[in-house]
Amino acid sequence: MRRSALFLPTERQPPADAEALSHKLMVRAGLVRQLGAGLWSWLPAGWRVHQKVVQIIREEIDAIGGQELLLPVMHPRELWRKTGRDQIEELFTLEDRKGAEMVLAMTHEEAVTFHVGAAVKSYRDLPKTLYHFQVKERDEARPRAGILRTREFIMKDSYSFDRDEAGLDVQYEAHRGAYAKIYDRTGLEWFECRSDVGMMGGTVAHEYMAPCPAGEDDVVLARGYASNLEVASADPQPVELPGDTEAAEVTTPGATTVEALTASLGLPAGALLKAYPVIAEDDGRLVLVMVRGDHRVNPVKLQNALRSPFRPAGTEEIAAQVGPAGYIGPHAPLTAVETLYDAAIEAGPYVVGANRADTHLRGFVVPEGATRADVRLVEPGDTIGGEPVRIVTAIEIGNIFKLGTRYSEPLGATYLDADGKPQKIVMGSYGIGPARIAAAAVEQFADEKGISWPVAIAPWTVNLVSLGKGGTPERAAADALYEQLRAAGVEVLYDDRDTGNGEKFAEAELLGCPLRITLGKRSLDSGLLEAQIRRELQDVEGGIPLEGAVGAVLGILPTLA
RNA sequence: CGGGGCGUAGCUCAGCCUGGUGGAGCGCCGCGUUUGGGACGCGGAGGUCGCCGGUUCAAGUCCGGCCGCCCCGACCA
């Protein structure tokens, strides 16, 4: 591609409203432009990156037997009513001219299950894996960070259909393998994490995370362990408990916070227990959740432990059922108030609220038979296998779910087994967001000069910069080299503009093609081209000879990251 | 959805408090000089100041409403 012909609107300054690095750089480099909140256009260079990611995904999903198709974005609402997902807030809804209710699909479980359910009759028709790359529409409450969280985006989603759980297991593992290959091929740093199955239901879920500063999730990492902070578990840091042997009341006026208590009692925060009263929303019961003073409740883990959504109890509910806010603690008889002790709590003795104003209790020992569950947030300093965990921010770049019969049941997708009995089709779903992969790559590899693409997803692998003006011998030589590289199948962006050299270099660094080769008057004198690898801005030692340059370039390409 | 902020040239912003013929830098066009790191000079084009209404002799500026966008939080099968 000749730069002079390319639609690549670059900017020297990032847009005023950009915050995330990938947002700033992708706009500056002319890859994407914003049309509205959470609505982004992919310009030619950016689209090349997107399509490279798409092609990698396509090849690997094809390799595990996936069959590509295309499902509509707009669906009859009735289909979503059947699965109950028409109630999701983020779902865009509209009516057609006849007043028929429609929705814009956020994912395609309903649509694909509709077709498979109608077409699959026999166990002989299974298993199948179908996938597509299609636009997803989500009315996000808050789109953010440029391309990272948008209201409309392309997703690769595959769906597996099996006779039974065993078949699903096979497909699930096949996808795990394919995903590992896909992310490795893109050149990203990534982790496979255990994740919350969420309201999707099902039994098993993994998500794929790319560490980057603009990420929205926190991932807990240790040797052989990677988990979303939402569901992560680790060993707590030990805490030295006081040697209280008997329960004793202490007067603690105004000490309603852990900080105030630790200061006045001279004890570490971990020697206190915090009481967190919540109301389980399915039956309205109050549960007193106890965690160590230096720990925090993990809402996702707590919801799973309670088997119900919950909300924090109000001051009046606390006063009526437990005690005065700021001084609440466990009630002595286990039956008095339902109490859940976090797993990190040892026997004791601890300091707890006495359920009376200005009073705490020392020497509290957790009663035998108390209910326990791991409901705390993993903290920096926690360990796994004796090794301290790392907690990194990351962006989710894919996920896989075992759906089971979550969709086949309401949509009546069944088949006849060998005995002629109807059986529900067992499903899995597997998503990847190519745009997020592109943005994560920008975040992970950018430096102060700009983007540095992994070669596998770079818009062009080579950026040929001609320093001469039109009509000069060096320009003629660059033109010839461009044609030779193209003929050799090299993806080359050729900067053939009559503009300042500094401008060309700066733009090449901003755009981030893996290899830049420069041809100026000097090259004709010396017979050498300058070649620079974008990653770390490393010059190729001694340059490359003008004579036989194509072969030299072809030799360098496989060495690039 | 709660809180905060912003909307003036293609981009980044000043001007608004204190109303009186709209500016800067970069970019763009022309000419010339430069020519291996966003170079310089001269000349030029480019604006319903987000929209609607109000106050006023006069509104980018003051007042009201609306729309749009960003950030923090909530939310994110």
Side-chain angles (χ1 to χ4, degrees), chain A residues 9-20 23-24 27-28 30 33-40 80 83-91 103 105-110 136 138-146 148-151 153 155 157 195-202 205 207 214-217 228 230 299-300 309 311-312 395-396 399-403 406-407 427 429 431 433 436 449-450 465-470 472 474-475 478 495 497-511 516-526 528-530 532 537 539 543:
Chain A
T10 57
E11 294 290 344
R12 285 173 84 148
Q13 284 170 299
D17 51 23
E19 202 70 26
H23 183 182
K24 291 177 182 172
V27 172
R28 280 192 58 208
R33 284 264 165 125
Q34 184 173 15
L35 195 64
L39 300 172
W40 287 82
W80 287 63
T83 61
R85 293 213 305 169
D86 67 323
Q87 295 306 313
I88 293 174
E89 266 189 299
E90 285 79 23
L91 187 67
V103 302
M106 317 173 46
T107 59
H108 284 78
E109 281 83 0
E110 282 83 356
K136 311 294 165 182
R138 297 184 186 182
D139 193 3
E140 293 284 352
R142 182 149 105 84
R144 60 154 68 113
L148 243 28
R149 185 171 199 82
T150 56
R151 293 197 292 177
F153 60 95
M155 181 162 121
D157 40 333
S195 73
D196 185 38
V197 294
M199 291 183 56
M200 198 69 182
E207 57 195 8
E216 306 184 299
D217 291 276
N228 194 308
E230 286 183 343
V300 173
R311 61 174 173 83
I395 187 74
E396 182 181 355
N399 58 44
I400 59 180
F401 284 98
K402 288 190 181 178
L403 295 176
R406 166 69 180 84
Y407 294 89
M427 293 175 55
S429 86
R436 281 190 171 180
K449 301 280 191 181
V465 175
S466 165
L467 297 181
K469 288 222 181 243
T472 61
E474 57 269 29
R475 171 61 60 82
D495 195 340
R497 296 172 300 170
D498 290 346
T499 184
N501 296 328
E503 192 175 338
K504 293 180 183 178
F505 290 135
E507 184 185 282
E509 280 147 10
L510 175 62
L511 185 58
R516 184 184 86 200
I517 54 182
T518 307
L519 197 163
K521 202 183 326 179
R522 259 189 224 165
S523 313
L524 296 185
D525 297 340
S526 66
L528 287 174
L529 301 164
E530 175 194 298
Q532 187 182 70
L537 297 174
D539 287 319

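Just so we're on the same page: letters track the sequence lines, and every chain starts at 1.
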Check against side-chain contact (heavy atoms from CB on, under 4.5 Å), A/Glu89 and A/Asp139: CA-CA 8 Å; A/Glu89 266 189 299; A/Asp139 193 3; over 6 Å; no
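Applying the 4.0 Å criterion to OP1 and OP2 of B/C13, one finds that A/Gln13 has every side-chain N and O outside that range.
At the heavy-atom level, A/Gly36 lies under 4.0 Å from the strands shown only through sugar-phosphate atoms. Note on A/Lys504: nothing from the nucleic acid sits closer than 4.0 angstrom, heavy atoms only. Residue-level contact check: A/Arg151 touches neither bases nor backbone, having no heavy atom under 4.0 Å from any strand. If you check every strand for non-hydrogen atoms under 4.0 Å, A/Ala16 touches sugar and phosphate atoms only. Among the atoms of the strands shown, only primed sugar atoms or phosphate atoms (P, OP1, OP2) are found under 4.0 Å from some heavy atom of A/Pro15. Base contact: A/Glu509 has a heavy atom under 4.0 Å from a base atom. In this structure, A/Ala37 reaches the sugar-phosphate backbone alone: every heavy-atom distance under 4.0 Å involves primed, P, OP1 or OP2 atoms, never a base. Looking at heavy-atom distances under 4.0 Å, A/Arg436 makes no contact with the nucleic acid at all. Nucleic acid contact for A/Glu507: none, since no nucleic acid atom lies under 4.0 Å from a heavy atom of the residue. Among the protein residues, A/Ala20 comes within range of no part of the nucleic acid, since none of its heavy atoms lies under 4.0 Å from any strand. Counting any heavy atom pair closer than 4.0 Å across all strands shown, A/Thr150 reaches no nucleic acid atom.
Out of B/U35, B/C71, B/C70, the shortest distance to the side chain of A/Lys469 is found at B/U35.
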Counting primed atoms plus P, OP1 and OP2 as sugar-phosphate and everything else as base, spell out the protein contacts along nucleotides 39-46 of chain B at 4.0 Å heavy-atom distance: B, S or - for each nucleotide, 5' to 3'. --------
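Comparing B/C13 with B/G27, their C1' atoms are spaced 14 Å from each other, to the whole Å. Straight-line distance between the P atoms of B/G47 and B/A24: roughly 15 Å, to the nearest whole Å. The C1' atoms of B/U61 and B/A14 are separated by 14 Å, rounded to the nearest whole Å. When the P atom is used for both B/U8 and B/G50, the distance is 6 Å, rounded to whole Å. Atom P of B/C49 sits at a distance of 15 Å from the matching atom of B/C62, rounded to the whole Å. Taking atom P in both B/G60 and B/G20, one finds a spacing of 10 Å when rounded to whole Å.
Side-chain contact check for A/His23 versus A/Asp17: some heavy-atom pair is nearer than 4.5 Å.
Contacts of A/Arg33 classified as salt bridge (charged side-chain N to carboxylate O under 4.0 Å, His left out), with partners at least two apart in sequence or in another chain: A/Glu11. Remark: A/Glu507 pairs with A/Arg3, A/Arg497 by the salt bridge (charged side-chain N to carboxylate O under 4.0 Å, His left out) rule, at least two apart or across chains. For A/His108, the ring pair (Phe, Tyr, Trp, His ring centres under 6.0 Å) partners two or more places apart in sequence, or in a different chain, are A/His75, A/His132. Judged as a salt bridge (charged side-chain N to carboxylate O under 4.0 Å, His left out), and not counting sequence neighbours, the contacts of A/Lys136 are A/Asp157. Taking A/Glu216 as the reference, A/Arg144, A/Arg149, A/Arg436 meet the salt bridge (charged side-chain N to carboxylate O under 4.0 Å, His left out) condition, with sequence neighbours excluded.
Between the P atom of B/A77 and the CD atom of A/Glu90 lies a distance of 7 Å, rounded to the nearest Å.
Between A/Arg85 and A/Glu109 there is a salt bridge, since at least one side-chain N of the basic residue sits less than 4.0 Å from a carboxylate O of the acidic one.
If you check distances only, the side chain of A/Arg142 never reaches the base of B/G3 with a donor-acceptor pair under 3.5 Å.
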